[in-house]
Amino acid sequence: MQNRPNWEPERRNSRPDRNRQSKRLVFRRSLFLMLVCGVGLFIPLVIQLWNISIRDHDFYQQRAAQQQLMDVSVSAHRGDIRDANGEVLAMSATVYELILAPKDLMNSVDQDDFEDEDGNLDEAAWQAAVDDLREEIVDGLVAIRPDLDRADLERRMAKENSQYEVLLRDLEEEEAQAIRAFIEENHTGYYLYLTPGTKRYYPFGALASQVLGFVNSEGGVYGLEAGYEDLLKGIPGRVVTGRTAENDELYNSYSNYIDAVNGYDLTLTIDSTIQSYAEQILEKGIAAYDVQNGGFCLVMSPKTGAVLGMASSPEFDPNNYSLVTDSILQGEIQTDVPAIYEQLKAENAQKPAEEQGDPVAEQGPEGAL
């Protein structure tokens, strides 16, 4: 009988050791790979965290503030302009703008209500619900303001990516109250709302219009309204509050209120009565002598040199400063309109059709002649 090698028992006894060593080796390699992978994945996260919290801190802080805070501007009261006797020649009153957020209107129709049991969206039904809501809003606004352009309202409603569409301007309190009731009744405050502003009024119409000038959306642009713009306009205030995900104001201890500073009143040496007589006399003189290029009349105090009246022709109504009432100017405008129209067509010829629009319609009522 052949004897077995004397090393065979040692080899059989070493198998468990080798298995344990193999397992330990696999464990160590696995641990090493996990460590390498963990560190490899963790480093980009650390870099991204550093970018967000340190390098781009100001950017993300600003974005967070925009998402969490509602910053509403509070218009300052523009100062009045008075004559020497205290009669108000120019004054401001509160009016409102009606703002629509078409994108929020679409989001107000919950898509979850149009999903089946498997979570599939019935897009046609959802779009029909959105269209019905748009039609309801248009019908309600046209009922309140029959002069509204229905086609223009529908076009603005269809701007799915827009968050700010001005539907109406310079709404008086009575009209604003009717629209406010419509908003409350139909719960449309999430995407349809009123913002307060001011409108300039001139109680005496065209009286001293060339002296007073007028105001547009940017402020005073002519006459005393422009010359004393810095004193008359005041400083707007701000209301900074928190807001919810539905864009509702959230009042808390962090709310910040900055009061508006009203503009200064301006008192003139002009006497409205003398001003009226000066304008009447100037009008008679222009008619009597067939003056074609207008005229000018200045009334001053012989004792102090104060200007008591300053009349210029042609006059205009600063309440509707874009309306031309002078017949001679109207004739010149009608003569120039074809040339102006051709010039606008030439300038817009290279633009896409959707960017051209209607130059007269885009100006709105203030831009019409």
Side-chain angles (χ1 to χ4, degrees), residues 75-95 170 197-236 260-333 365-367 369:
S75 300
H77 178 82
R78 190 177 180 87
D80 296 339
I81 301 179
R82 303 174 182 270
D83 76 346
N85 301 314
E87 292 285 350
V88 178
L89 302 178
M91 60 183 294
S92 295
T94 300
V95 292
D170 297 336
T198 59
K199 181 180 179 180
R200 200 66 163 167
Y201 290 95
Y202 301 87
F204 291 93
L207 183 70
S209 59
Q210 295 284 5
V211 177
L212 297 174
F214 59 88
V215 173
N216 64 10
S217 59
E218 302 297 326
V221 294
Y222 182 70
L224 294 174
E225 295 279 24
Y228 289 89
E229 170 69 11
D230 292 339
L231 294 176
L232 290 168
K233 69 178 181 179
I235 302 175
V261 178
N262 294 332
Y264 290 99
D265 292 343
L266 184 63
T267 300
L268 311 178
T269 59
I270 289 178
D271 186 309
S272 58
T273 302
I274 297 176
Q275 177 72 24
S276 178
Y277 281 122
E279 292 183 2
Q280 293 176 22
I281 293 171
L282 179 61
E283 183 179 359
K284 290 180 180 179
I286 290 174
Y289 296 98
D290 193 23
V291 178
Q292 296 295 315
N293 296 322
F296 178 80
C297 178
L298 181 63
V299 183
M300 300 178 65
S301 170
K303 295 182 179 180
T304 63
V307 177
L308 305 179
M310 184 183 293
S312 298
S313 176
E315 62 184 12
F316 65 94
D317 185 358
N319 291 302
N320 191 7
Y321 56 82
S322 61
L323 179 64
V324 178
T325 58
D326 184 79
S327 58
I328 296 176
L329 289 178
Q330 281 185 339
E332 294 178 355
I333 290 171
E366 293 183 356
L369 297 177

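Only heavy atoms go into these numbers, but all of them, side chains included; no hydrogens, no water, no symmetry mates.
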Can you find a pair of side-chain heavy atoms, one from Tyr228 and one from Asp230, that are under 4.5 Å apart? no
Quick one: side chains of residues 302-310, donor-acceptor pairs under 3.5 Å with protein atoms, not counting sequence neighbours, listed by atom name and distance.
residue: Thr304; atom: OG1; partner: Ser301; partner atom: OG; Å: 3.4
residue: Thr304; atom: OG1; partner: Ala306; partner atom: N; Å: 3.2

Rounding to 0.5 Å, atoms CD1 (Ile270) and CD1 (Ile81) come to a distance of 10.0 Å
Report yes if the side chains of Thr198 and Arg78 come closer than 4.5 Å at any heavy-atom pair, otherwise no. no
Has Leu231 got more than 12 heavy atoms of other residues, nucleotides or ligands less than 6.0 Å from its CG? yes
Would you compute the distance between atom CD of Glu279 and atom OG of Ser272 and round it to the nearest 0.5 angstrom? 10.5 Å
Not counting sequence neighbours, list each pair that qualifies as a salt bridge (charged side-chain N to carboxylate O under 4.0 Å, His left out) and has a residue in residues 267-276. none
Any non-hydrogen side-chain atom of Glu283 less than 4.5 Å from a side-chain atom of Ser313? no
Heavy-atom closest pair, residues Leu232 and Tyr264: CD2-O, 3.3 Å
Do Asn216 side-chain atoms and Gly219 backbone N/O form a donor-acceptor pair below 3.5 Å? yes
Side-chain touch Pro318/Phe316, heavy atoms, less than 4.5 angstrom: yes
Of all the heavy-atom pairs spanning Ala260 and Ala76, show the shortest one and how long it is. CB-CA, 3.9 Å
Derivation and outcome, side-chain contact (heavy atoms from CB on, under 4.5 Å), residues Leu268 and Leu212: CA-CA 10 Å; Leu268 311 178; Leu212 297 174; 4.3 Å; yes
Drop me the distance from Glu315's CD to Ser209's OG, to the nearest 0.5 angstrom. 5.5 Å
Less than 4.5 Å apart, any side-chain heavy atom of Leu207 and any of Ser276? yes
Report the distance from atom CZ of Arg82 to atom CG of Leu266, rounding to the nearest 0.5 Å. 11.0 Å
Between the main-chain N or O of Asp265 and the side-chain N or O of Asp80, is there a donor-acceptor pair closer than 3.5 Å? no
Value for CD (Glu218) from CD (Glu229), rounded to nearest 0.5 Å, stands at 10.0 Å
Over all heavy atoms of both residues, which pair between His77 and Ser92 is shortest? Give the atoms and the distance, please. CE1-O, 3.5 Å
Considering only heavy atoms from C-beta outward, does the side chain of Tyr222 approach that of Gln210 to under 4.5 Å? yes
Is any side-chain heavy atom of Val95 less than 4.5 Å from a side-chain heavy atom of Tyr201? yes
Taking atom CD1 of Ile286 and atom CG of Leu282, what is their separation to the nearest 0.5 Å? 4.0 Å
Determine whether a donor-acceptor pair (N or O, by modelled atom type, separation under 3.5 Å) exists between the side chain of Glu225 and the backbone of Gly213. no
Residue pair Leu89 / Tyr202, side-chain heavy-atom distance below 4.5 Å: no
